[in-house]
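Encoded as structure tokens, the structure appears first; notes follow it.
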Amino acid sequence: MIEEISHLRELLGSLQGIVATPGKAVLAATAICSLIAAIHVFRAWWRLRHIPGPFLNSITPLAMTYHCFTEDVTTYTYNLTRKYGPLVRVQPNVVVYNDPETLRRICSVKADYTKGLWFEFSRWNLERYSCIAMRDNESRKERKTKLLPAASRVDNQFYTLDVATSATFGKPFGFLKKDGDVEKYLETTEAMTPMFGVLGTLPWLVYVMHAWPLNRMMPGEGDQVGFGRMMNVAGSETTSIALRMALLSILTTPLTYRKLQAEIDNFHANKAVEADDKSVMTYADAKTLPYLQAVIREALRLWPPSAGLFTKEVPKAGDSIHGYYLPPGTEVGQCLSSVGKLPRIWGADADLYYPERWLEATPEKFDEMQAAVDLVFSSGKYVCLGKHIAWMELLKFFAEVTADPITWLTTDFWIRFTRRE
Ligand code: HEM
């Protein structure tokens, strides 16, 4: 006992010696911090060590953060699912799956999953939650019920923003009329887009940004210009991506363009006798045109406009996906780009933009394809509130844009419309 006490004294004496010398104290502090960090990294790696994925991703979120900055994170995640299989570890606590069945099961009303930490990226006000950021299922369900009437009323981006502001504020903000940016919304959104992805991979940054002094620079709902002025306008960005990608697909596939124009010409020719106003096609009419719908579905399949991970958190009981056990608290993300290209659903030419596949499919195949493409709007208790508005905007846009003018793609995705003779 006496011997142990004298050892302890010696140890304390040498520690006092270290702390008394500033250089040694810094060294000791660095060593302790490094040890704590190493234990933390090791524990995080150990938890999901059985899930396939690159080693770097299993110990740090930085690979994903880097790809958010370089704006190729969707392709990066898609390539990981191709290399590592249907479940891949992309961050220490985040795994990603690539099949429609898992997405439907996780999002179903009965499942105990909740929204994951990833959604913290959308919290611009820590005191309040927007619908998309609400992680508690019951509170979100209540909010969605209240928002549904506004979402049911109802760009290129000017078009989608005017539709979205009409639904939210009762009148359009006037992007189309001005033929330009209003309240610097587009300018700010564009500058901030890579930041959204980064916050999704490092959600704790949201709390740093809301602490003084950074919080003074954050956008707020009282702002006169910029993102804060417009943050209630959900869905204009996603719909605008869908419009742009479908438009690009049509303009670069002349055969598709001609077929679509022929379908619309045919519709107007047959309707001319009975209709009073032939100039604008109604939503109900647009829904009867199979090729028009195929053109849009095919673009949504290849370029899902909301391609983020949208992680959900594994409930207390844990879960298994593709035979891999996932402990509670694991974040499970979706890879929609992969869902849209799975050869077992889309065939060997899955990478090809080919709207005809929708017309050639048997009724059973068509249903399977439709159910898979529908997932770009998510499913079950997370389903997009603006799904029907978005679909209406898309159908009506293409019904009008391809009806009369001849559309030309010029440089850098500027488009010229010329009236048909
Ligand atoms: C092509 C256009 C659109 C796409 C692809 C899309 C996609 C999505 C997706 C994937 C989600 C689910 C997120 C999750 O997993 O939790 C979502 C949620 C949501 N969307 Fe959309 N969206 C579109 C347009 C719109 C529009 C036009 C509006 C509003 C008018 C809107 C409002 C919302 C809202 C409020 C939510 C939150 C629902 C919830 O958290 O339960 N979206 N959207």
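In listed order, ligands and their atoms are each counted from 1. What's counted below: heavy atoms across the whole structure, side chains too, no hydrogens, waters or symmetry copies.
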Inset, instruction - Give me the one residue out of V376, I241, T238 that meets side chain to side chain contact (heavy atoms under 4.5 Å, CB included) with S306. - result: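 It is T238; the other options fail the test.
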Closer than 4.0 Å to some heavy atom of [X] - which atoms of ligand 1 meet that?
{"X": "K144", "answer": "38 (C), 39 (C), 41 (O)"}
{"X": "T239", "answer": "1 (C), 2 (C), 24 (C), 27 (C)"}
{"X": "F119", "answer": "14 (C), 16 (O)"}
{"X": "S378", "answer": "10 (C), 12 (C), 15 (O)"}
{"X": "I389", "answer": "30 (C)"}
{"X": "I132", "answer": "18 (C), 37 (C), 40 (O)"}
{"X": "V376", "answer": "5 (C), 7 (C), 10 (C)"}
{"X": "K115", "answer": "16 (O), 39 (C), 40 (O)"}

Between [X] (side chain) and [Y] (backbone), is there a donor-acceptor pair under 3.5 Å?
{"X": "T330", "Y": "P327", "result": "yes"}
{"X": "K115", "Y": "K312", "result": "no"}
{"X": "K144", "Y": "V383", "result": "yes"}

Legend entry - Minimum non-hydrogen distance to atom 14 (C) of ligand 1, winning option of W391, W303, F310, W118: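 Going through W391, W303, F310, W118 one by one, F310 has the nearest heavy atom to atom 14 (C) of ligand 1.
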Inset, instruction - Before signing off on this row, confirm whether Q334 and ligand 1 have an N or O atom pair separated by under 3.5 Å. - result: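 Among all N and O atoms of Q334, none is under 3.5 Å from an N or O of ligand 1.
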Legend entry - Over 12 foreign heavy atoms within 6.0 Å of CZ, F69: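 No.
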Legend entry - Residues which pass side chain to side chain contact (heavy atoms under 4.5 Å, CB included) with R357, listed by chain and number, not counting sequence neighbours: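 Scan of R357 (side chain to side chain contact (heavy atoms under 4.5 Å, CB included), adjacent residues dropped) gives E298, R301, W346, D349, L352, Y354, M369.
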Inset, instruction - Return the set of residues passing side chain to side chain contact (heavy atoms under 4.5 Å, CB included) with T81 (not counting sequence neighbours), or none when no residue passes. - result: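 Only Y78, V88, V96, N98, C335, S338 meet the side chain to side chain contact (heavy atoms under 4.5 Å, CB included) criterion with T81.
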Inset, instruction - State if K312 counts as touching ligand 1 under the rule of any non-hydrogen atom under 4.0 Å. - result: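 A heavy atom of K312 does come that close to ligand 1.
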Inset, instruction - Would you mind telling me if ligand 1 is within reach of the side chain of C384, the backbone, both or neither, using heavy atoms under 4.0 Å? - result: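 It is both backbone and side chain that touch ligand 1.
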Legend entry - Cationic N near anionic O, under 4.0 Å, E313 to R135: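 Judged by the 4.0 Å cut-off on N to carboxylate O distance, E313 and R135 do form a salt bridge.
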